[in-house]
Amino acid sequence: MPESLRRLRRRAELALAERVGAVRVLWRRSMQLRVVLSTLAMSTVVVLVLGLVLQTQIADRLLQGKQQAALVQADISRQNLERDLSRLDPDRDGTQATLDEALDRLTSSGSGSDARDAGAFEAVLVAGTEAIGTAPGGSTTDGRGAEPSSGPADVVPPQLRDPVLKGFLATKYVTVSAVGRPSVPALVVGQPVRTAGRNLQLYLIFPLSAEQRTLALIQSTLALAGLALLGLLAGISSIVTRQVVRPVRQAADVAERFADGHLDERMPVYGDDEVARLAESYNEMAASIQQQIHQLEEFGGLQRRFTSDVSHELRTPLTTVRMAAEVLQEHAVDGGDAIAKRSAQLLVAELDRFESLLGDLLEISRLDAGMAELAVEPVDVRDVVRRAAETVHHLVDATATPLLLDLTEEAMAEVDPRRVERILRNLLANAIDHGESRPIEVRVAADDHAVAVVVRDHGVGLKPGEAGLVFNRFWRADPSRQRRSGGTGLGLAISLEDARLQGGWLQAWGETDQGAVFRLTLPRTAGELLRTSPLPLIPVAGAPAVAEPGIHDAAVTTGTALPPPPSGEFPVVQPDAESAEEVR
């Protein structure tokens, strides 16, 4: 049972969280909703304050009018009683009957317009100066022979009797309750009445039931008027906001379609107001951008055609020159002329570099034109790494650079092996060029969704900001630096395009004199979207002091960071005999 309750509670919390999330999303995305709700909130505050002020003012006016009419009625009643009781001595017998008779005449007379304005009232006439008590049968007593009184004397508050006994006129608001009837507020007016003996006390009780009903009617009227006003304000603000938001939404839709490549999209123009001027300005901007894009496309097409045509046209003379250079090299070797031999070797080497440059230019042209084709097949990326390492074997021997391969993890993936090998070959050649003959480490790792290859060197490294420039075409960190691999300056740019073509990442990191790290991440299944990389980009030694091992700068990563070099030394990897190899 508790488990089912927990599940129900969890479902309720999830449903509530979903509703709250939906409301938050709607609040962020709808400017019209924000404006309408904000207007309603501020209008509600204004209506409440205004209603309270009006209610207070009306209530004060009602009570003031009631009090003035009650005072007039009290003065008339006092005059009548003084006329009727001018010869009464409160200390003689028979006073109670006289008081009752006088009080009956007072309450039944109701003479004068002022009395009618004050409304119905009840009168209390007290002859004594002690505590008031009412005994059954109409006689007045407090249990100790209190002096006589007539009317509901128990309603009169004690605080009102003191000033009346001293001869002053006094008023007080009280709540009158009677058996079988609800309690009602009332106004009590007390004043002395002169007689032949000592003064009597006259109290007039004016119920405020009519004023209470009037105030309730006013409150309900104000509430209904406030709700109607809020509804009108909500409708007005919604209509007004819609007039502004609707063109903005249309502009957003047109801008999204324009960004998707529909360059002919334009905003409709209505009238001459600010929104119309905005639409005209947007249309002019869109037309200008469209024209510039067409110009850039034409220029890019001309550039690609020029590069492709020039590359093709240079093939024929390059072949002829290569044949002539090979003949000259053979004659120079046979003739024994050292100068001619060296010249022939330089000519052949430069022809090789020129031919490689032409091939890279053709490949760049195909990538720019979107004509590159993928030949995806399931392969073990470790085999591709081995083949790429074999192609740079001569550079490894020439520079005495230790190349350490960590291929302990299986890494099957659906990739284009030719393009992956070209990427790794360019990365290895670049690491050898800038590694200062220090060890180069290559690590392969894989998880359920991706395969990663990290190439790390311990050479000159990269300056701040250069990690984003290394993939630019013909960019070199140090133009005066000699290239051992004879690169054309397009290798990393082509590698980046090859990685993107397969839905992968190619990223770089480096620090001055700390070496550089290049990470290639490819999806294990062709077409799958990459989200993480099995290997980190930044090694532990290059991470900030507050970072954990395996941090990254471009994507969420998991796995183990590359080992940092010990102080003054470089790591020597001891791979397994079956799964790792060292190429020197």
- request: Just do the salt bridge (Lys or Arg N to Asp or Glu O under 4.0 Å) check on R500 and E497 with the steps written out, would you?
  value: CA-CA 5 Å; R500 290 175 177 174; E497 296 298 330; 3.7 Å; yes

task: Determine, stepwise, if the pair L520 / W505 fulfils side chain to side chain contact (heavy atoms under 4.5 Å, CB included).
output: CA-CA 6 Å; L520 172 65; W505 302 331; over 6 Å; no

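Between A526 and E414, the shortest heavy-atom contact is N-OE1, 3.2 Å. For A375 against D416, the heavy-atom pair with the smallest separation is N-OD2, 3.1 Å. Residue G503 comes nearest to P523 through the heavy atom pair O-CD, 3.6 Å, listed as atom of the first residue, atom of the second, then distance. Closest approach of P247 to R242, counting heavy atoms only: CD-O, 4.1 Å. Shortest non-hydrogen contact noted between L535 and R519 is O-NH1, 2.6 Å. Nearest heavy-atom pair across T401 and S437 is OG1-CA, 3.4 Å.
V420 is not listed as a side-chain neighbour of V385, based on a closest heavy-atom distance of 4.5 Å or more. The side-chain heavy atoms of R422 and R419, taken from C-beta on, include a pair separated by under 4.5 Å. The shortest distance between side-chain heavy atoms of L506 and L427 falls below 4.5 Å.
Remark: the E441 side chain and the H458 side chain contain an N/O donor-acceptor pair separated by less than 3.5 Å.
Remark: the backbone N or O of A234 is paired with a side-chain donor or acceptor of S237 at under 3.5 angstrom. At distances below 3.5 Å, not a single donor-acceptor pair connects side-chain atoms of R524 with backbone N or O atoms of V451. Checking side-chain atoms of D457 against main-chain N and O of A516 turns up a donor-acceptor pair under 3.5 Å. Although no hydrogens or angles enter the test, the distance criterion places no donor-acceptor pair under 3.5 Å between the side chain of R425 and the main chain of V392. For T39 (side chain) and V35 (main-chain N/O), a donor-acceptor pair under 3.5 Å exists by modelled atom type. No side-chain donor-acceptor contact under 3.5 Å links Q514 to the backbone of G510. N426 contributes no side-chain N or O that, together with a main-chain N or O of L492, makes up a donor-acceptor pair within less than 3.5 Å.
A salt bridge does not link E390 with R386: every distance from a Lys NZ or Arg NE/NH1/NH2 to an Asp or Glu carboxylate oxygen is 4.0 Å or more. A salt bridge does not link E280 with R277: none of the charged nitrogens is closer than 4.0 Å to a carboxylate oxygen.
With rounding to the nearest 0.5 Å, the separation of OH in Y282 from CD in E265 is 8.0 Å. I293 CD1 to E298 CD: the interatomic distance, rounded to the nearest 0.5 Å, is 12.5 Å. The OG1 atom of T399 sits 10.5 Å away from atom CD of E436, with the distance rounded to the nearest 0.5 Å. Separating the CG atom in L501 from the CG atom in L496 is a distance of 11.0 Å, to the nearest 0.5 Å. Distance check: E528 CD to L530 CG gives 7.5 Å after rounding to the nearest 0.5 Å.
Each of L428, V454, L424 was scored for a side chain to side chain contact (heavy atoms under 4.5 Å, CB included) with V442, with one residue passing: L428.
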